[in-house]
**Q** 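I'd like to ask some things about the structure below.
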There are 2 protein chains.
Amino acid sequence: MTTTPTLPEMCAALGDQTRWDILTRLGQETMSASALARVLPVSRQAIVKHLDVLSEAGLVTAERRGREIVYAALGSRLNALAHELDRIGNAWDTRLRALKSLAEATDDGRR
Amino acid sequence: MTTTPTLPEMCAALGDQTRWDILTRLGQETMSASALARVLPVSRQAIVKHLDVLSEAGLVTAERRGREIVYAALGSRLNALAHELDRIGNAWDTRLRALKSLAEATDDGRR
DNA sequence: TTGAAGTGCAACACTGTGGTTGCAGTTCAA
DNA sequence: TTGAACTGCAACCACAGTGTTGCACTTCAA
């Protein structure tokens, strides 16, 4: 992950059930891909690909520990995303409220 | 949209650049699919499909107005999603902090 | 030092999704 | 009442994503 992930990229990473399954596990304890493959109903290779996506999105960290690679979920990144989405949601509502009151004012003028 | 959209569903809806382009426009002013197709570099049919996805995810509302259907972005839904993600992010960090301090305590014991 | 347990890489299949075009149907307004 | 501007539906294409399997390579521990 050289470049910072974009908003759509992060959302896309979170837009898959299997990846949520993985994240849910990693939010409870750090695990390797093989360990995840043991508890989830998909192959290790599928897990690895998902972990790549999550890592690219900055949602997990990978740490080599001897022969295994241990992954952990990054709550702070999710919090940052949440903050962004909240900001945008507020902006939408503000703009649309302004439009609505403008429309009502126009209505009044026509009456 | 009969059932409430799941978290992965909402995230998947937000995981596409074109849909963000649409949402950005709809966050500024309400527009019809045809109007969106005029300002975005994709066909009306593509827009319609995206609007279906966004509507299914509860991120936009549709209101028939005579011969057209006018869409609006729902900031409140985005805020709700943001709140959910924030909650989950906090839970991850809490659990992993607990694990880490436990590991350090074990380390101390071994020294 | 050998076997078990990891990771890494490649090839492949299947499906979903994002996109297109074309045409039919509806609705408004001149 | 006719044409312009919408929506609605269907067929189709191309590609990316999700998943699989198989095999080679590394690393730890008995």
Side-chain angles (χ1 to χ4, degrees), chain A residues 1 3 5-26 29-72 103 106 110, chain B residues 1 3 5-26 29-72 110:
Chain A
M1 172 196 46
T3 64
T6 68
L7 235 138
E9 273 170 6
M10 292 201 68
C11 290
L14 294 172
D16 181 274
Q17 183 58 55
T18 303
R19 280 197 283 272
W20 272 104
D21 293 345
I22 292 174
L23 284 172
T24 302
R25 297 286 180 155
L26 293 183
E29 52 175 333
T30 66
M31 293 176 81
S32 70
S34 296
L36 283 164
R38 259 178 255 123
V39 296
L40 293 179
V42 286
S43 70
R44 175 182 62 92
Q45 284 310 317
I47 302 270
V48 168
K49 288 186 192 176
H50 284 305
L51 286 171
D52 285 346
V53 174
L54 291 170
S55 172
E56 203 71 20
L59 288 164
V60 302
T61 50
E63 189 192 347
R64 180 127 224 165
R65 203 123 87 194
R67 116 180 84 182
E68 32 179 31
I69 296 175
V70 175
Y71 295 87
T106 310
R110 263 195 278 141
Chain B
M1 175 195 45
T3 64
T6 68
L7 236 137
E9 273 170 5
M10 292 201 69
C11 291
L14 293 172
D16 181 273
Q17 184 57 54
T18 304
R19 281 198 281 273
W20 272 104
D21 293 344
I22 293 173
L23 284 172
T24 301
R25 298 286 180 153
L26 293 183
E29 52 176 333
T30 65
M31 294 175 81
S32 70
S34 296
L36 283 164
R38 257 178 256 123
V39 297
L40 294 179
V42 287
S43 70
R44 175 182 61 92
Q45 284 309 319
I47 302 271
V48 168
K49 288 188 193 176
H50 285 305
L51 285 171
D52 284 347
V53 174
L54 291 170
S55 171
E56 203 71 21
L59 289 164
V60 302
T61 50
E63 189 191 349
R64 180 128 224 165
R65 204 123 86 194
R67 115 179 86 183
E68 36 179 27
I69 295 175
V70 174
Y71 295 86
R110 262 194 279 139

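Residue numbering restarts at 1 for every chain, and letters A, B, ... go by the order of the sequence lines. What you are looking at is a predicted structure, and each value in this text was computed from that prediction instead of being measured.
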**Q** Tell whether A/K49 reaches the base of D/dG17 with its side chain through a donor-acceptor pair below 3.5 angstrom.
**A** no
**Q** Please determine whether a side-chain nitrogen or oxygen atom of A/R65 lies at a distance below 4.0 Å from atom OP1 or OP2 of D/dC28.
**A**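 A/R65 to D/dC28 OP1/OP2: no side-chain N or O under 4.0 Å.
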**Q** Using a cut-off of less than 4.0 Å, is there contact between a side-chain N or O of B/S32 and OP1 or OP2 of D/dC6?
**A**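 Result: no.
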**Q** Calculate the interatomic distance between A/Y71 atom OH and C/dT7 atom P; express it in whole Å.
**A**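 Roughly 7 Å, once rounded to whole Å.
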**Q** Rounded to whole angstroms, how far apart are CZ on B/R64 and C1' on D/dA5?
**A** 12 Å
**Q** Any side-chain heavy atom of B/L51 within less than 4.5 Å of one from B/I69?
**A**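 They are not in side-chain contact.
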**Q** Is A/S34 near enough to C/dT7 that one of its side-chain N or O atoms lies under 4.0 angstrom from OP1 or OP2?
**A** yes
**Q** Taking for each residue the nucleotide of DNA chain C with the nearest heavy atom, is it A/Q45 or B/R44 whose nucleotide lies nearer the 5' end?
**A** A/Q45
**Q** Can you tell me how far P of D/dT7 sits from CG of B/L36, to the nearest Å?
**A** 9 Å
**Q** Any idea which of D/dT7, C/dT7, C/dA5 is nearest the A/A33 side chain?
**A** C/dT7
**Q** Rounded to the Å, how far apart are B/D16 CG and C/dT17 P?
**A** 11 Å
**Q** I'd like to know whether A/L14 forms a side chain to side chain contact (heavy atoms under 4.5 Å, CB included) with B/L14, so could you lay out the CA-CA distance, the side-chain angles of the two residues, the decisive distance to 0.1 Å, and finally the verdict.
**A** CA-CA 9 Å; A/L14 294 172; B/L14 293 172; over 6 Å; no
**Q** Figure out the CZ/P separation between B/R19 and C/dT17, and round it to whole Å.
**A**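 From B/R19 CZ to C/dT17 P: 9 Å.
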**Q** Please tell me if B/H50 has a side-chain N or O lying less than 4.0 Å from either OP1 or OP2 of C/dT17.
**A** no
**Q** Let me know, please, whether A/T18 or A/R67 comes out on the 5' side of the other along DNA chain D by nearest nucleotide.
**A**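 It is A/T18, whose closest nucleotide lies nearer the 5' terminus.
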**Q** Rounded to whole angstroms, how far apart are CE on A/M31 and C1' on C/dA5?
**A**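 To the nearest whole Å, that distance equals 15 Å.
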**Q** For a side chain to side chain contact (heavy atoms under 4.5 Å, CB included) with A/Y71, tell me which candidate from A/V60, A/L23, A/I22 qualifies.
**A**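 That would be A/V60.
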**Q** Measure CD1/A/I47 against C1'/D/dT21 and give the value in whole Å, please.
**A**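 Value for this atom pair: 16 Å.
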**Q** Distance from A/M10 atom CE to A/L54 atom CG, nearest 0.5 Å?
**A** 9.5 Å
**Q** Of the listed nucleotides (C/dG19, D/dT7, C/dA11), which one gets closest to any side-chain atom of B/V42?
**A**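 In terms of side-chain proximity for B/V42, the closest of C/dG19, D/dT7, C/dA11 is C/dG19.
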**Q** Between atom CD1 in A/I69 and atom C1' in C/dC9, what is the gap in whole Å?
**A** 14 Å
**Q** Look at the side chain of B/R44 and the backbone N and O of B/A37, then say whether any donor-acceptor pair between them is shorter than 3.5 Å.
**A** no
